[in-house]
Amino acid sequence: MSEFSPKSAKQAVRLAARELGFLDCRIAKADRAAHADAFEKWLKDGANAEMKWMEKTPERRTDPRKVVPEARSVICLAFNYYPGDQQPDPKMPGPKGRIARYSWNSDYHDLIESKLADLDETLKIYGGRQRYYVDTGPVLERDHANEAGLGWSGKSTVQIHPKFGPWFFLCELITTLELEPDPQMADHCGKCTRCLDLCPTGAITEPHRVDARKCISYLTIENPGPIPIEYRRAIGDRIYGCDECLEVCPWNRFAQRSREQQLLGRPAIFEHSLRSFLELDTPSFQKIFKKSPVKRIKRERFLRNVCVALGNVGGQDDLPVLQRAADTEEELVREHALWAIAEIQARTANVSRGVE
């Protein structure tokens with residue numbers, strides 16, 4: 001064990017973080033989260049929708065000292081996942097769907113957790129006891145990132161870094177080591193409200209507050225049941241998650257393409273139209289999305305999303321595959337396929353009558 005000094009330990013973890021590929025590494029004091037009361041009210045209002053796991057042990061979510069007894073510091077890190085732009089195969093007939101960029105390749109949890117494990121070993125050298133997370137544990141990560149000066153929480157609740165924009169994962173190590181905290185960074189959103197104004201479903205109900213019940217990411221991923229009819233048209237061609245509030249953010253101009261190959265676009269994902277996605281059997285679905293976050297929602301929910309997208313952007317050529325889904329798939333897919341058929345038929349009828 002090396003002799004502990006706050007300065008040497010902080011330098012060591014920052015150096016190790018940089019060598020492991022993290023964009024930034026900052027320190028916050030382990031204390032009750034600044035928005036703990038707001039989080040508890042958010043839960044009370046039911047804005048977490050069916051994500052009932054968020055209601056468990058809220059005291060642990062709001063205070064890292066309840067997670068790691070004798071915790072003194074929270075090490076906050078940013079890991080770039082921006083894969084740039086990638087276009088679907090133009091040879092594939094029919095409309096294409098959009099998948100949130102963080103899901104274009106392998107699941108980031110395993111990749112980043114292995115790096116956090118390495119940082120954990122570095123801190124153990126100085127006698128630290130740690131728990132580490134990459135959105136997998138009871139941590140209000142943006143509050144600690146704000147306190148540490150790791151950017152600021154935008155009005156969309158997405159964390160924004162002045163040098164890299166919003167395209168990064170937040171992760172943290174709660175440690176018993178007392179490290180010197182970094183200064184907090186000012187909020188640089190100013191008067192900009194683009195994320196609120198352009199959210200397709202109005203899920204950002206006020207600055208720094210997202211109602212999951214309206215959010216496309218929730219509706220297409222965490223939501224286990226039917227997508228509410230009032231939000232289906234707003235989903236457009238999105239079939240897994242939504243990047244809208246990141247894409248419209250002015251700080252997006254500082255985005256840099258990730259150097260991590262495991263997070264760049266997987267070609268197989270871009271070789272499919274919505275129509276061909278809907279025809280995937282379970283083995284094909286599992287093969288295409290092997291080790292991908294998309295695989296987590298399983299085939300039935302994915303096909304549900306594809307049906308909604310086809311209802312919004314599909315045409316008459318897509319009706320046969322939708323009808324097959326309506327005839328052969330489980331009820332969740334069947335109901336959305338029938339909705340999509342009705343939408344396409346109504347749209348086609350309106351076009352033939354010259355109705356906009």
Side-chain angles (χ1 to χ4, degrees), residues 6-31 33-35 61 64-65 67-68 71-83 101-102 105-126 128-154 157-185 246 251 254-263 293:
K7 183 176 181 180
S8 61
K10 184 175 180 177
Q11 289 175 339
V13 74
R14 278 190 162 168
L15 176 61
R18 185 164 58 249
E19 291 176 344
L20 287 165
F22 289 96
L23 288 175
D24 203 352
C25 173
R26 303 291 180 101
I27 312 297
K29 182 180 178 181
D31 209 344
H35 292 91
R61 292 190 177 278
R65 295 168 298 185
V67 179
V68 177
R72 296 290 181 268
S73 308
V74 181
I75 301 168
C76 303
L77 302 116
F79 194 87
N80 180 19
Y81 73 85
Y82 184 62
R101 281 179 170 83
Y102 78 88
N105 206 317
S106 298
D107 193 319
Y108 60 92
H109 292 97
D110 293 340
L111 169 69
I112 297 178
E113 283 178 355
S114 68
K115 297 176 183 293
L116 294 176
D118 288 343
L119 288 176
D120 181 36
E121 292 300 318
T122 298
L123 292 164
K124 285 178 180 177
I125 295 172
Y126 294 90
R129 289 187 292 105
Q130 291 75 228
R131 293 286 295 274
Y132 52 84
Y133 302 103
V134 50
D135 71 26
T136 52
V139 182
L140 292 186
E141 55 188 10
R142 288 189 298 275
D143 273 11
H144 301 304
N146 289 340
E147 292 293 329
L150 190 66
W152 67 94
S153 182
T157 75
V158 170
Q159 199 74 8
I160 303 170
H161 196 287
K163 294 183 179 179
F164 312 109
W167 304 92
F168 58 91
F169 299 121
L170 278 175
C171 29
E172 46 284 320
L173 294 95
I174 304 171
T175 179
T176 56
L177 296 177
E178 188 157 8
L179 306 175
E180 181 185 3
D182 287 298
Q184 192 169 355
M185 184 177 293
L246 291 88
W251 290 92
F254 295 110
Q256 301 176 21
R257 195 166 186 261
S258 176
R259 297 179 181 179
E260 183 54 63
Q261 293 297 314
Q262 292 185 52
L263 299 178

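These figures come from a predicted structure and were not determined experimentally. Position 1 is the first residue of the sequence, and the numbers go up from there.
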Does Gly21 offer a backbone N or O that forms a donor-acceptor pair with the side chain of Lys115 under 3.5 Å? no
Please tell me if the side chains of Leu77 and Leu20 come closer than 4.5 Å, counting only heavy atoms from C-beta onward. no
Main chain of Gln256, side chain of Asn80: is a donor-acceptor contact present, judged purely on distance under 3.5 Å? yes
Is Glu141 close to Tyr133 at the side-chain level, that is, under 4.5 Å between some pair of heavy atoms? no
Could you tell me whether a side-chain N or O of Arg142 sits under 3.5 Å from a main-chain N or O of Thr157, the two making a donor and an acceptor? yes
Regarding Gln159 and Asn146, is there a side-chain donor-to-acceptor distance under 3.5 Å anywhere? yes
Rounding to 0.5 Å, atoms CZ (Phe169) and OG (Ser258) come to a distance of 8.5 Å
Any donor-acceptor pair under 3.5 Å linking the side chain of Ser73 with the backbone of Leu179? yes
Who pairs with Phe168 by ring pair (Phe, Tyr, Trp, His ring centres under 6.0 Å), at least two apart in sequence or on another chain? none
Take Arg26 and Arg14, measure what side chain to side chain contact (heavy atoms under 4.5 Å, CB included) needs, and give me the verdict at the end. CA-CA 8 Å; Arg26 303 291 180 101; Arg14 278 190 162 168; 3.5 Å; yes
Nearest-0.5 Å distance, SG of residue Cys76 to CG of residue Asp182: 9.0 Å
Do any N or O atoms from the side chain of Arg131 and from the backbone of Val68 form a donor-acceptor pair under 3.5 angstrom? no
No-hydrogen, no-angle side-chain donor-acceptor test under 3.5 Å, Asp135 and Tyr108: yes
Determine whether Gln130 and Thr122 make a side-chain contact, defined as any pair of heavy atoms from C-beta on separated by less than 4.5 Å. no
